[in-house]
Amino acid sequence: MNPTTPTDATAAATPESRGHFIYQFIAEDVAAGRNGGQVVTRFPPEPNGFLHIGHAKAICIDFGMAEAFNGRCHLRMDDTNPAKEDESYVRAIKEDVRWLGFDWGEHFYYAADMFEQMHDLAVALIKSGHAYVCDLSQEEWKEYRGIPTEPGIESPYRKRGVEENLDLFARMRAGEFEEGSRCLRARIDMTSPNIHFRDPVLYRIMKQSHYRTGDQWQIYPTYDFAHPIEDALEGVTHSLCTLEFEVHRPLYDWVIDRMQELGMLVVRDGHTIRPQQREFARLSLDYTVMSKRKLLQLVQDQLVEGWDDPRMPTISGLRRRGYPAAAIRDFCDRIGVSKYKSSTELALLESCVRDHLNRTAQRRMAVIDPLRLVIDNYPADAEEWFDAVNNHEDPEADTRKVPFSRELWIEREDFMEFPDKKFFRLAPGREVRLRYACLFTCTSVEHDDEGRVVAVHGTYDPESRGGNAPDGRRVRGTIHWVSIRHAQPLETRLYDRLFTVPDPEADESRHFTEFLNPDSLRCVNAWGEPSLTELLPGETVQFERLAYFCADLRLSRPGQPVMNRTVTLKEARGKN
RNA sequence: UGCCACAUGGUGUAACGGUAGCACAGCAGUCUCUGGAACUGCUUGUCUAGGUUCGAAUCCUAGUGUGGCAACCA
């Protein structure tokens, strides 16, 4: 079945693929022919910070639902607060959404471009008695508004006449009044158990320059007023957001109702588009923080190297770290969508990253903590180039040549002078395979004055060239290596989780930065095989038996990649 | 003492009145020129109490627990 029509999309909602509750909600609307069966969603970030993996979930849902129902998804800057917003964030947001693999086509919008219509609606609401200018200060308003368990009382300005309201509102716009001295309120219900219905603010005075509209405005609409208007004006059918907006929904509907009365709703293909809001639980991840405010603090206090620090859960941070966009999308699929406020284990994200990188990343050999290995029966001036498979998981990936010589770097942890029985790598008297090269037996160990192992000596089996046992004898361990003579120095950054506890925000008596992991970044110098110098910024390889590493997008120089550890290989049980 | 939500293994999620399944994690094993990958098997769950029903994770009632709501933030 080709799901190109609304009816087909509905048919897809069979018991086998019912989808999550948001999907079902939309499917029912489509089946009922609401909005003529059209589906238009939107992703509406405020350009006051960088997008993070929590936004990636929202993006996947917003764009994903549009795609599932053959609709479209708009990208909109929800920029109604000039105090915090900036053009640089707009650019970063666009780049991140695009990088994640989503396309908004021509449907890119700014809320600020709709300020005039918002203002018109506000004026209309004043005229119809639905809004009034209130002179109460914020402090005073606290008294009038009441608390959740008790009703509020009406503002003394609530009965102001239409003409006076119109005049005052016009003067607010003209900048005649100080910030905070007046605001425009909806006239709804001061006794409502829902606080948001108690005459919410529609417009406030802000004498700030807006990054987009400059000094054109002295008043700015609040989220509750602006958001439904933005959706309605764009003809959005399904306005999907996170749970904290659930209590705002009646107000959202109230604004839409007013627009409907005034004939302001968009008519598309003969159908009046009436947007509806629905809410899902935001993503929370172990060992990280997700609020833009906290991420901003990490950046401003220089506790990380910037919004795109590879330890940050930002899209740009994950990108620099080497997380493939496809892995992030896969993760968002796997976590599902519900209304339960859950916390996802980092292990799931890492599993998605490994899963993808295992299939796509080429293998290379590099040694992070070097120990010298000398092959006593190999000529000092000889060298050989062995064939190494680029990726056993990918038949297209081909092979490369790796240089071999008498002295090699091996990983210090791959040798144990006094091995326990579970250890089957190199030890005195033991034979291991030097990956792709040959079989090697350790015959002696060199120590320094403190008794520390400084070199391992041994002999190789000339019959085992390429790494195959000539007689089929079983070799338990295979270790990686780099020819010292050919080794390339590599600046390498080993990343770990940013926080030491699963929920850094749980203890309200402590600041979340107290739980920063001091070992979240370790810089080391590694030795890599020569081909590593050809790595392009952003390219990811697997250092065999260690981890996936990505050439840093910012710090790498031609011929000198800086390697970010993306994610380790899964540690096998029993290994040490 | 208000209103609005939510509750299924360790974690995340599925079930739409009819066998509680999947993934991640964990454990055990097979295989392997990566202690990776792949493959096999295993452990662990419906918040509580009532009710409706032949039958309830699912519907109803009450309770418990958790979260959100008292910015002129979004």
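Just so you know, these numbers come straight off a predicted model, no measurement behind them. The chains referred to below are lettered A, B, ... by the order of the sequence lines, with proteins before strands, and numbering in each begins at 1.
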Check every atom of [options] against the side chain of [X] and return the nucleotide holding the closest atom.
| X | options | result |
| --- | --- | --- |
| A/Ile335 | B/rG2, B/rA37, B/rG12 | B/rG12 |
| A/Arg425 | B/rG12, B/rG35, B/rG36 | B/rG35 |
| A/Thr344 | B/rG68, B/rU34, B/rG12 | B/rG12 |
| A/Ala347 | B/rC16, B/rG35, B/rA25 | B/rA25 |

Would you measure the distance from the [atom1] atom in [N] across to the matching atom in [M] and give it in whole Å?
| N | M | atom1 | result |
| --- | --- | --- | --- |
| B/rA38 | B/rU13 | C1' | 25 Å |
| B/rC6 | B/rU43 | P | 33 Å |
| B/rA23 | B/rC59 | P | 27 Å |
| B/rA56 | B/rG18 | P | 11 Å |

In whole angstrom, what separates [X]'s [atom1] from [N]'s [atom2]?
| X | N | atom1 | atom2 | answer |
| --- | --- | --- | --- | --- |
| A/Leu349 | B/rU11 | CG | C1' | 13 Å |
| A/Phe21 | B/rA15 | CZ | P | 12 Å |
| A/Gln277 | B/rA5 | CD | P | 13 Å |
| A/Asp355 | B/rC39 | CG | C1' | 15 Å |
| A/Arg278 | B/rC4 | CZ | P | 15 Å |
| A/His356 | B/rA37 | NE2 | P | 17 Å |

Quiz prompt | Residue mapping more 5' on RNA chain B - nearest nucleotide basis, A/Ser351 or A/Arg465 | solution =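 Looking at the nearest nucleotide for each, A/Ser351 comes out on the 5' side.
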Practice problem: Flag this pair as yes if the NZ/CZ of A/Arg182 is under 6.0 angstrom from the six-membered ring centre of A/Phe177 and inside a 45 degree cone about the axis; otherwise no. | Solution: yes
Quiz prompt | By side chain to side chain contact (heavy atoms under 4.5 Å, CB included) - contacts of A/Val402 (at least two apart) | solution =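 Only A/Met365, A/Ala388, A/Arg400, A/Trp481, A/Glu529 meet the side chain to side chain contact (heavy atoms under 4.5 Å, CB included) criterion with A/Val402.
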What's [X] touching, base or sugar-phosphate or nothing? Going by heavy atoms closer than 4.0 Å.
| X | answer |
| --- | --- |
| A/Arg334 | sugar-phosphate |
| A/Glu150 | nothing |
| A/Leu348 | sugar-phosphate |
| A/Asn48 | nothing |
| A/Ser192 | nothing |
| A/Arg363 | base |

Qualifying residues under salt bridge (charged side-chain N to carboxylate O under 4.0 Å, His left out), relative to [X], sequence neighbours excluded:
| X | result |
| --- | --- |
| A/Lys341 | none |
| A/Asp199 | A/Arg158 |
| A/Arg435 | A/Glu544 |
| A/Glu393 | none |

For residues 81-89 of chain A, dump all side-chain donor-acceptor pairs below 3.5 Å to protein atoms at least two apart in sequence or in another chain.
| unit_1 | atom_1 | unit_2 | atom_2 | d |
| --- | --- | --- | --- | --- |
| A/Asn81 | OD1 | A/Ala83 | N | 3.1 |
| A/Glu85 | OE1 | A/Asn81 | N | 3.4 |
| A/Glu85 | OE2 | A/Thr80 | N | 3.4 |
| A/Glu85 | OE2 | A/Asn81 | N | 3.0 |
| A/Asp86 | OD2 | A/Ser88 | N | 2.8 |
| A/Asp86 | OD2 | A/Ser88 | OG | 2.7 |

Return the polar atom pairs (N/O with N/O) between nucleotides 7-10 of chain B and the protein under 3.5 Å, or none.
| unit_1 | atom_1 | unit_2 | atom_2 | d |
| --- | --- | --- | --- | --- |
| B/rG10 | N2 | A/Glu345 | OE1 | 3.1 |

Quiz prompt | Under the ring-ring contact (aromatic ring centres under 6.0 Å, His included) test, residues paired with A/Trp141 that sit two or more places apart | solution =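 So A/Trp141 forms no ring-ring contact (aromatic ring centres under 6.0 Å, His included) with any residue.
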Check this one for me: any side-chain N or O of [X] less than 4.0 Å away from OP1 or OP2 of [N]?
| X | N | value |
| --- | --- | --- |
| A/Lys570 | B/rA25 | yes |
| A/Ser338 | B/rU13 | yes |
| A/Ser342 | B/rU13 | yes |

Quiz item: Is there a side-chain contact between A/Asp231 and A/Arg42 (heavy atoms, below 4.5 Å)?
Solution: yes
Practice problem: Find out whether A/Asn468 and A/Cys438 are in side-chain contact, i.e. whether some heavy atom of one side chain is under 4.5 Å from a heavy atom of the other. | Solution: no
Practice problem: Assess whether one donor atom and one acceptor atom, taken from the side chain of A/Glu393 and the base of B/rG36, lie less than 3.5 Å apart. | Solution: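 Between B/rG36 and A/Glu393, which were checked side chain against base, a qualifying N/O pair under 3.5 Å is present.
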Quiz item: Residues in side-chain hydrogen bond (donor to acceptor under 3.5 Å, both in side chains) with A/Asp507, at least two apart?
Solution: A/Ser509
Side chains of residues 346-357 of chain A: which donor-acceptor pairs under 3.5 Å do they make with residues two or more places apart or in other chains?
| unit_1 | atom_1 | unit_2 | atom_2 | d |
| --- | --- | --- | --- | --- |
| A/Arg354 | NE | A/Thr568 | O | 2.8 |
| A/Arg354 | NH2 | A/Thr568 | O | 3.4 |
| A/Asp355 | OD2 | A/Arg359 | NH2 | 3.1 |

Quiz item: How does protein reach along nucleotides 69-74 of chain B, written 5' to 3' as B (base within reach of a heavy atom under 4.0 Å), S (only sugar-phosphate), or - (no contact)?
Solution: SBSBBB
Quiz item: Could A/Arg473 and A/Glu431 be called an ion pair, given the rule that one side-chain N must be under 4.0 Å from one carboxylate O?
Solution: yes
Exercise. Sort by first number and list every stem of RNA chain B: at least 3 consecutive Watson-Crick or G-U wobble pairs, both distances under 3.5 Å.
Key: B:2-7 with B:64-69, B:10-13 with B:21-24, B:26-30 with B:38-42, B:47-51 with B:59-63
